[in-house]
Amino acid sequence: MGYGSGELIIRSYNAQNDRVRLEGLESICEVGPADKPFLFTDTLGDPICRIKNSPIYNMLVAELAGQLVGVIQGTIKLVTLHKPPKNVAKVGYILGLRVAPAYRRRGIGSRLVTKLEEWFVACNVDYTYMATEKDNEASYKLFVNKLGYVKFRTPAILVNPVNHHRSSQISSNFKLTKLKIKEAESLYRKYLSSTEFFPIDIGNILRNKLSLGTWVAYPKGETWGKVPTSWAMLSVWNSGELFKLRLGNVPISCFMYTKSSQLIQKFLPCFKLPSIPDFFNPFGFYFIYGVYGEGPLYGKLVKSLCNFVHNMASSKSKDCKVIVTEIGGNDTRSKLHIPHRKSMSCSEDLWCIKSLKNEDGKRVHKLTTMPPTRTLFVDPREV
């Protein structure tokens with residue numbers, strides 16, 4: 001395809017030469033859909049912040065006539081895909097695809113994806129996958145209609161705002177305990193190692209400085225030394241240490257309502273009105289991952305753990321405005337009990353997958369047609 005002003009060059013990101021120009025590209029790509037609000041990511045001057053904690057990663061940039069016009073990021077890891085006879089696969093994850101508005105519809109996005117796929121193949125990757133909003137028509141057309149990706153899973157993204165003026169209630173009937181890293185790793189490997197997208201290097205995630213810890217909850221009167229009759233667990237990742245978010249394209253009426261609700265909450269707390277966080281300035285968030293448990297009290301235990309995380313965010317982080325959780329689309333028992341604001345959440349995100357090896361083509365069909373495991377492990381390093 002002709003590009004009108006020279007040859008399109010796609011190469012690896014060079015921090016020394018590309019960092020400032022990439023920040024400029026991100027700023028002109030900030031403009032979102034004209035008809036609805038959107039989230040803008042502030043990388044705090046570190047363009048590779050979202051991928052640098054992954055085992056293997058790469059960033060490619062597209063350059064045309066000396067101008068940086070596109071960027072894409074990718075990571076590689078080993079995961080469980082719950083598919084016999086081979087249940088472990090090397091997968092590549094695609095994220096951060098951006099093309100400057102003036103250079104769109106010229107095939108630059110597809111060239112970036114294709115080049116990243118070539119890097120995946122060189123690294124012996126079995127499958128590549130990506131995540132997008134289900135109503136992102138441009139992304140869907142590119143990956144599914146043009147590049148051969150197929151719909152794989154539809155997880156739910158649950159978002160709960162942090163109220164820095166009020167604590168969430170934790171049942172006095174339950175005991176919460178923070179696990180040591182080795183205990184948490186052992187527990188995850190025992191109960192979640194056969195679930196979809198469980199990372200083989202779970203220990204590295206739990207030991208990462210961004211992982212704030214793993215907690216379990218169980219009924220008082222029972223001990224963690226023996227398996228309780230009911231129990232639940234989750235881990236917390238501080239995404240706000242890597243990058244910030246900011247809400248854009250919001251009507252002035254929404255802005256005024258947010259400010260007024262905050263003033264009412266501050267000066268008239270007796271009204272007990274729900275306060276809306278300030279999403280117009282950059283803010284951080286906590287990501288809850290590895291949610292699991294068993295027993296008849298599981299739901300109530302998960303809710304208590306989530307309330308504990310809310311209180312931790314409220315008291316220990318000034319800029320943490322929301323708590324985000326992503327779970328399998330059919331994990332209804334967790335969704336029912338994890339606190340979230342429906343208007344801020346996404347009931348159906350979209351994951352698409354593609355085989356990079358000819359002999360695995362039929363397995364992709366099996367992956368997309370076989371019933372998913374109830375639990376879907378979402379790696380916090382890829383949020």
Side-chain angles (χ1 to χ4, degrees), residues 3-34 36-54 56-75 93-113 115-116 119 130-133 136 138-139 142 208-210 237-250 278-285 287 317-322 324 380-383:
Y3 297 98
S5 54
E7 179 186 0
L8 181 71
I9 299 172
I10 297 180
R11 55 173 175 78
S12 292
Y13 165 76
N14 182 295
Q16 183 176 354
N17 298 327
D18 300 332
R19 186 169 181 170
V20 174
R21 293 195 298 163
L22 192 55
E23 288 178 356
L25 174 64
E26 290 286 348
S27 66
I28 63 175
C29 289
E30 178 180 348
V31 180
K36 61 181 180 180
F38 65 95
L39 281 175
F40 172 67
T41 302
D42 182 356
T43 61
L44 305 176
D46 184 6
I48 63 169
C49 66
R50 292 183 64 190
I51 59 175
K52 66 182 183 181
N53 288 291
S54 296
I56 307 174
Y57 60 87
N58 194 8
M59 177 187 283
L60 301 178
V61 296
E63 195 173 35
L64 186 61
Q67 298 292 319
L68 208 62
V69 298
V71 63
I72 194 171
Q73 300 177 10
T75 65
Y93 178 58
I94 297 175
L95 72 160
L97 176 60
R98 300 279 190 277
V99 176
Y103 294 88
R104 291 172 185 171
R105 302 182 187 278
R106 301 191 191 184
I108 295 175
S110 59
R111 282 284 305 275
L112 281 165
V113 176
K115 282 293 184 181
L116 189 62
W119 176 67
M130 49 78 67
T132 186
E133 301 88 352
N136 189 331
S139 181
L142 173 62
N208 192 290
K209 64 180 182 179
L210 298 174
W237 183 271
N238 186 6
S239 298
E241 288 295 313
L242 284 179
F243 60 91
K244 307 295 182 186
L245 299 173
R246 176 169 55 80
L247 196 62
N249 197 25
V250 179
D278 179 8
F279 296 130
F280 306 100
N281 293 308
F283 63 91
F285 67 98
F287 185 77
S317 176
K318 291 183 179 181
D319 76 338
C320 181
K321 300 292 177 65
V322 293
V324 182
R381 298 172 297 190
E382 297 175 351
V383 173

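In what follows, every heavy atom counts, from backbone to side chain, and hydrogens, waters and symmetry copies are set aside.
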Heavy-atom pair with the smallest gap, counting every atom of [X] and [Y]:
X	Y	value
Gly24	Ser27	O-OG, 2.6 Å
Ile94	Ile72	CG2-CD1, 3.7 Å
Gly45	Glu23	CA-OE2, 3.4 Å
Leu95	Thr75	CD2-CG2, 4.5 Å
Arg104	Val99	NE-O, 2.7 Å
Gly74	Ile51	O-CD1, 4.5 Å

> Run the side-chain contact (heavy atoms from CB on, under 4.5 Å) check on Met59 and Val71 step by step: do they pass?
Replying inline: CA-CA 7 Å; Met59 177 187 283; Val71 63; 3.8 Å; yes
When you compare the side chain of [Y] with that of [X], does any pair of heavy atoms fall below 4.5 Å?
X	Y	result
Lys52	Tyr57	yes
Lys244	Leu44	yes
Leu245	Pro282	no
Asn208	Trp237	yes
Trp119	Leu60	no
Leu242	Asn53	yes

> Could you go step by step and tell me if Val324 and Val383 meet the side-chain contact (heavy atoms from CB on, under 4.5 Å) rule?
Replying inline: CA-CA 10 Å; Val324 182; Val383 173; 5.7 Å; no
> Does Lys318 have any side-chain contact (heavy atoms from CB on, under 4.5 Å) partners at least two apart in sequence or in another chain, and if so, which?
Replying inline: none
>> Under the rule for ring pair (Phe, Tyr, Trp, His ring centres under 6.0 Å), what residues qualify as partners of Tyr13, not counting sequence neighbours?
In response: none
>> Restricting to ring pair (Phe, Tyr, Trp, His ring centres under 6.0 Å), what partner residues turn up for Phe287, sequence neighbours left out?
In response: none
>> Restricting to side-chain hydrogen bond (donor to acceptor under 3.5 Å, both in side chains), what partner residues turn up for Ser139, sequence neighbours left out?
In response: Thr132
>> I'd like to check the side-chain hydrogen bond (donor to acceptor under 3.5 Å, both in side chains) partners of Asp18; sequence neighbours left out, ordered by chain and number.
In response: Arg11, Arg21
>> What verdict does the side-chain contact (heavy atoms from CB on, under 4.5 Å) test give for Val20 and Leu22, after you've listed the backbone C-alpha separation in whole Å, the side-chain angles of each residue and the deciding distance to 0.1 Å?
In response: CA-CA 5 Å; Val20 174; Leu22 192 55; over 6 Å; no
> Hey, mind stepping through Leu8 and Arg111 against side-chain contact (heavy atoms from CB on, under 4.5 Å) and telling me if it holds?
Replying inline: CA-CA 9 Å; Leu8 181 71; Arg111 282 284 305 275; 4.0 Å; yes
> Just checking, is any N or O donor in the side chain of Asp319 or Ser317 under 3.5 Å from an acceptor N or O on the other one?
Replying inline: yes
>> Test your reading of the model: is there a side-chain donor-acceptor pair from Arg19 to the backbone of Pro47, 3.5 Å cut-off?
In response: no
> Quick one: salt bridge (charged side-chain N to carboxylate O under 4.0 Å, His left out) partners of Asp42, sequence neighbours excluded?
Replying inline: none
